[in-house]
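Any value given below was found using the heavy atoms of this structure, including those in side chains, with hydrogens, waters and symmetry copies removed. Not measured: the values here are computed from a predicted model.
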Amino acid sequence: MKALGLPWRGRQLLVAEVYTDDGRLKGVRQLGGSVEFVEPAEAALVREFRDELGLTVRILGVPFVTENLYTHEGSSGHEVLFLFPVGLPPGPLDTRECVVFHEDCGTPCVARWYDLDVLDRDGGPALYPVGLKARLLAERRS
């Protein structure tokens, strides 16, 4: 189970880049991480943003929950995702286009602001999980 955040800057969403094993950008995914045993998803999300970016996020509403069945580099995966709308504190990422952070295991990662229009297009990175872009566009219109 994962708790992931949806921080917006206008039409741009802050997401982590996902690369293939050979270093090619294949897609982007929300920031956050695994929910520990007996940990509420909200607490996991706040903890993950603090650990990875050094920021304390505000949860702005109820999450939507989705199931993600996927294949990455030939291995199948299955996860349940809690996706929360979040607000970032003013300042640190207001004007920066990207931020480098490290996963718990020390792996360097890049988070970047992406406009939804460039995601899930031919030649552009995919937005994971599959189907999320349509859901976000529908929610942003309502």
Rounded to the nearest 0.5 Å, what's the gap from [atom1] on [X] to [atom2] on [Y]? Could you check?
X	Y	atom1	atom2	result
Leu127	Leu136	CG	CG	6.5 Å
Leu88	Leu53	CG	CG	8.0 Å
Glu48	Glu36	CD	CD	8.0 Å

Open item on the list: Show, in sequence, the C-alpha distance, side-chain angles and deciding distance for Arg9 and Glu97, and conclude whether the salt bridge (Lys or Arg N to Asp or Glu O under 4.0 Å) test is met.
Closed with: CA-CA 11 Å; Arg9 184 173 74 182; Glu97 290 306 311; 2.9 Å; yes
Find out if a path of hydrophobic residues (ILVMFWY) with successive side-chain heavy-atom gaps under 4.5 Å connects [X] to [Y].
X	Y	value
Leu14	Val86	yes
Phe82	Tyr70	no
Leu116	Leu81	yes
Met1	Leu83	no
Val130	Leu119	no

If you take all heavy atoms of [X] and [Y], which pair is closest and at what distance?
X	Y	result
Gly27	Tyr128	CA-CE1, 3.5 Å
Leu31	Ala16	CD2-CB, 3.7 Å
Val35	Ala41	CG2-CA, 4.1 Å
Phe84	Ala3	CE1-CB, 4.3 Å
Trp113	Trp8	CZ3-C, 3.7 Å
Lys2	Ser34	NZ-OG, 3.2 Å

Open item on the list: Could you check whether atom CZ of Arg121 has more than 12 heavy atoms from other residues, nucleotides or ligands sitting under 6.0 Å from it?
Closed with: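 For Arg121, atom CZ is not crowded (no more than 12 foreign heavy atoms under 6.0 Å).
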Task: Within 6.0 angstrom of Asp22 CG, more than 12 heavy atoms from elsewhere - done: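 Counting neighbours around CG of Asp22, more than 12 heavy atoms of other residues, nucleotides or ligands fall under 6.0 Å, so yes.
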With heavy-atom distances below 4.5 Å as the criterion, would you say the side chains of [X] and [Y] are in contact?
X	Y	value
Val110	Val99	no
Gln30	Leu132	yes
Arg29	Val15	no
Val28	Val18	no

Open item on the list: Please determine whether side-chain hydrogen bond (donor to acceptor under 3.5 Å, both in side chains) holds for the pair Tyr114 and Glu17, giving the CA-CA distance in whole Å, both sets of side-chain angles, and the decisive distance to 0.1 Å.
Closed with: CA-CA 10 Å; Tyr114 278 90; Glu17 295 179 333; 2.6 Å; yes
Open item on the list: Could you go through Lys26 and Thr20, starting from their C-alpha distance and side-chain angles, then the distance that decides it, and tell me whether this counts as side-chain hydrogen bond (donor to acceptor under 3.5 Å, both in side chains)?
Closed with: CA-CA 6 Å; Lys26 96 179 208 179; Thr20 60; over 6 Å; no
Distance-only donor-acceptor pairs under 3.5 Å for side chains of residues 55-69, two or more places apart:
| unit_1 | atom_1 | unit_2 | atom_2 | d |
| --- | --- | --- | --- | --- |
| Glu67 | OE2 | His78 | NE2 | 2.6 |
| Asn68 | ND2 | Glu79 | OE2 | 2.9 |

Open item on the list: Taking the basic N atoms (NZ, or NE/NH1/NH2) and the acidic carboxylate oxygens, is any pair closer than 4.0 Å for Asp120 and Lys133?
Closed with: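 Looking at Asp120 and Lys133, the cut-off is not met.
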